[in-house]
Amino acid sequence: MRHIISVILENEAGALSRVAGLFSARGFNIESLTVAATTDSTLSRMTIVSVGDDGIIEQIVKQLDKLIDVVKVVDLTATEHIERELLLAKISITSDTQVDVEAKLDQFNAKIIDAAEEVYIVELAGKSQKIKDFLSAFNAEQIIEVSRTGVTGVTGVCHKI
Amino acid sequence: MKLNGAQILVNSLKSEGVSHVFGYPGGAVLHIYDALNACEDIKHILVRHEQGATHGADGYARASGKCGVTLVTSGPGITNAVTGIATAHMDSIPMVIISGQVPSPLIGMDAFQEVDAVGITRSCVKHNFLIRDISEIAITIKKAFHIATTGRPGPVLIDIPKDITIAKMEVEEYPKTIEMRSYKSTIKASDHQIKKAAEMLANSKRPILYAGGGCIIGNSSKELREFTHMTGFPITQTLMGLGAYPMTDNQSLGMLGMHGTYEANMAMHGSDCVVAIGSRFDDRITGNLEKFCPTAKFIHIDIDPSQISKNVIADIPIVGQTKQVLQALIDQMKDKKLADISNWWSQIEEWRKVDSLAYKKSPGVIKPQTVIETLYEVTKGKAIVTSDVGQHQMWAAQYYLFDEPRQWINSGGLGTMGFGLPAAMGAKLAMPDRDVACVTGDGSIQMMLQELSTMLQYSTPVKIINLNNGYLGMVRQWQEFFYEKRYAMSYMEALPDFVKLAESYGHMGIRVEKEEDLKPALIEAFNQKEHTVFLDIVTDPSENVFPMIPAGGGHSDMLLAGRDEMVSKDETDFNAV
Ligand SMILES: Cc1cc2nc3c(=O)[nH]c(=O)nc-3n(C[C@H](O)[C@H](O)[C@H](O)COP(=O)(O)OP(=O)(O)OC[C@H]3O[C@@H](n4cnc5c(N)ncnc54)[C@H](O)[C@@H]3O)c2cc1C
Ligand SMILES: Cc1ncc(C[n+]2csc(CCOP(=O)(O)OP(=O)(O)O)c2C)c(N)n1
């Protein structure tokens with residue numbers, strides 16, 4: 001199953017490579033990983049998406065917890081949570097397709113953040129599935145370039161990590 | 001008063017109570033050596049290879065329970081040390097390794113003798129640090145010792161650039177305590193889980209205690225003995241746990257696992273309740289997981305939550321120190337009425353009668369098992385025994401009956417050939433009044449021979465028991481069993497004259513070729529209190545280690561000595577109990 005694991009860790013050089021090294025050394029898979037400082041600049045927050053059966057996810061959580069730099073680990077998927085991913089995409093437009101493209105952007109609530117004669121740069125935030133659906137709404141030729149951030153997440157309104 | 005980084009570092013080690021540092025100098029650590037030279041409280045042991053430094057510190061730590069300390073230079077210094085660090089890591093041994101690094105401005109420039117020490121060691125340390133400023137030295141050393149010695153112990157590396165060791169600052173007092181928000185070493189086991197475990201144990205009809213290295217690391221031999229006596233349960237120990245419970249006691253079934261005794265493995269196979277106490281269900285124990293303990297419930301006591309339900313799902317996990325958990329179990333079970341297990345013991349006695357460690361002597365050759373039995377006799381079972389890796393290691397574990405913790409020192413997890421000799425040196429430095437023997441093989445001993453020179457310099461009289469079978473015996477055994485006797489590269493054609501070799505290093509050497517000379521030679525060796533003695537004992541080249549569970553087998557599938565067929569007992573045997 002797909003799990004979203006949220007990790008609070010010391011904002012120190014090398015902390016990221018400890019986490020990445022742990023995944024490669026133990027053969028765990030990483031689907032995506034995002035990391036940035038928190039409001040406390042001495043701490044970072046990392047969100048990792050991984051796929052595995054319950055035993056593997058349990059090991060991942062325990063092994064992460066064991067890293068000396070890690071302050072807290074939460075498997076978001078095990079509780080109520082919100083997840084989002086950000087997509088930036090360059091989409092080609094022609095006079096023939098412009099209307100259709102704009103309709104799709106509207107439908108998905110995607111925003112045009114820059115435009116030129118034959119191209120839009122659009123931004124879309126949402127669950128990974130929504131982003132996949134959005135991308136598959138276009139032909140391969142229409143999508144010039146795609147950059148996704150990977151998932152980030154928080155526990156629901158009733159929880160605090 | 002202003003001190004330089006090297007002086008602060010040495011003072012910090014002093015504040016940690018460090019008595020011995022095992023090391024080897026080089027450019028990046030010269031300032032540290034200069035400061036160390038001026039310090040009278042710390043004895044530096046100049047090894048002959050950095051791997052010897054880490055194994056030496058490791059042996060010192062295992063024998064004494066204290067933290068081992070190693071000091072090496074950058075580049076090849078630290079890469080040479082990696083094998084020893086990984087060895088300590090696999091067996092959860094507390095160690096602090098200080099490695100010099102190129103000066104800060106040169107880091108990342110492919111400078112002379114630069115390697116990414118923190119990167120290279122990341123996966124084989126409990127934690128590591130790169131010091132970036134002189135003000136971090138004392139606090140980092142405090143943290144390193146704290147992390148290395150608490151919780152599940154392990155090696156911690158501190159990489160320190162040369163420029164920081166010569167920078168100066170006003171000295172501050174060494175921190176007395178340390179708080180780390182990301183590292184909590186004190187874990188109190190759940191009372192609820194302990195009550196549940198006590199309940200399950202009281203009702204178990206076929207219980208077995210399976211004690212491991214965690215009982216020795218956690219200094220809980222006393223509690224383990226009390227608990228075992230109180231319950232009357234049978235107990236088996238892993239290779240790393242030997243001595244936590246006296247092997248000469250009747251409740252002890254000996255070692256379990258791949259080369260464990262018949263009774264220990266059969267009892268695991270037949271048990272209805274297995275209590276893992278500081279042991280981690282290693283694959284050398286479980287064999288084929290599908291065939292492992294088919295009728296048992298598991299209680300698993302471990303300080304490291306990631307060990308629990310890793311290989312075997314625990315029915316009752318208990319995260320905590322063996323010492324505290326065993327004490328709590330004793331308190332819980334004191335007044336409980338336990339199920340009658342006399343039938344279980346009768347069954348175990350039947351298995352014992354198989355006498356799985358029996359072996360046949362043949363005239364004209366010395367059996368390696370006889371050597372260990374004689375060593376036991378001559379040392380009255382009291383020596384500290386280190387070993388290398390191979391058949392000799394297994395024979396030492398099987399035939400020397402360890403009664404005390406920290407008496408048996410070997411590399412179980414990584415299985416590092418070359419460990420035995422420097423570890424014996426470290427153990428002798430920690431316990432100068434004890435007899436120390438290093439049981440080794442003609443292959444392993446050649447991996448760290450150079451430390452014979454260190455042992456002369458620091459007068460660490462150790463007795464080297466070389467079971468010389470002319471082969472990489474353990475490899476040869478596998479080739480005999482599983483590769484139709486195709487002995488690829490397991491024969492050593494050109495062995496040195498070990499007696500002359502020992503003599504050239506300034507030690508004594510004795511060659512033993514006949515069984516009647518064995519005991520007198522051992523007595524002579526142990527009478528030489530001031531000397532390291534190298535006993536080169538020619539043993540039967542074709543002898544194999546039994547019992548053996550072949551790959552893919554379960555505990556009831558054992559090859560026993562002198563029987564062509566594999567003994568395979570199925571479950572009906574013990575279900576009757
Ligand atoms: C050639 C060869 C053959 C081998 N054959 C065998 C064999 O037949 N049988 C065998 O048993 N082994 C054998 N081994 C060794 C094997 O590879 C493992 O090293 C060994 O089985 C592990 O022992 P352990 O389970 O006691 O764990 P250890 O490696 O000793 O680990 C200790 C465990 O206790 C925990 N712990 C540490 N401190 C505490 C504390 N204070 N409180 C609570 N928990 C704590 C740790 O977290 C860890 O999980 C062999 C090795 C070699 C090289
Ligand atoms: C550094 C290292 N290299 C290789 C091995 C694989 N290995 C395990 S046992 C063994 C043979 C050991 O031979 P020897 O020391 O002569 O002991 P014996 O088995 O003959 O008693 C080898 C090569 C190892 N454990 N360690």
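Computed from a predicted structure; not experimentally measured. Side-chain atoms are counted along with the backbone in the values below, which use heavy atoms only and exclude waters and symmetry mates. Each chain gets a letter, A, B and so on, in the order the sequences are listed, and its residues count up from 1.
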Open item on the list: Just to be sure I understand the criterion: a residue of residues 9-16 of chain A counts if one of its heavy atoms is under 4.5 Å from a heavy atom of chain B. Which ones qualify?
Closed with: E10(A), A13(A)

Task: Heavy atoms of other groups near N139(A) CG, more than 12 under 6.0 Å - done: yes

Open item on the list: Using 0.5 Å steps for rounding, measure from the OG atom of S182(B) to the CG atom of L43(A).
Closed with: 9.0 Å

TODO: Would you indicate whether K291(B), at its atom NZ, is surrounded by more than 12 heavy atoms from other residues, nucleotides or ligands within a distance under 6.0 Å?
DONE: yes

- [ ] Considering non-hydrogen atoms only, spot the tightest contact between I308(B) and K62(A) and give its length.
- [x] O-NZ, 2.8 Å

Open item on the list: Does atom CZ (R132(B)) have a neighbourhood of more than 12 heavy atoms from anything else shown, all under 6.0 Å?
Closed with: no

Open item on the list: Under a 3.5 Å distance rule, please check whether Q59(A) uses its side chain to pair with a backbone N or O of S306(B) as donor and acceptor.
Closed with: yes

TODO: For K297(B), look at atom NZ and say whether over 12 heavy atoms of other residues, nucleotides or ligands are found less than 6.0 Å away.
DONE: no

Open item on the list: Taking side chain as everything from C-beta outward and backbone as N, CA, C, O, which of these in R181(B) sits under 4.5 Å from a heavy atom of chain A? Side chain, backbone, both or neither.
Closed with: both

TODO: Below 4.5 Å from any heavy atom of chain B, which atoms of S24(A) appear? Answer side chain, backbone, both or neither.
DONE: neither

Task: Check ion pair K126(B)-D69(A) (N to O, under 4.0 angstrom) - done: no

TODO: Please step through side-chain contact (heavy atoms from CB on, under 4.5 Å) for the pair H127(B) and L67(A), ending with a clear verdict.
DONE: CA-CA 8 Å; H127(B) 195 56; L67(A) 291 177; over 6 Å; no

TODO: Look at D304(B), V118(B), I147(B) and state which one has the largest set of heavy-atom pairs under 4.5 Å with chain A.
DONE: D304(B)

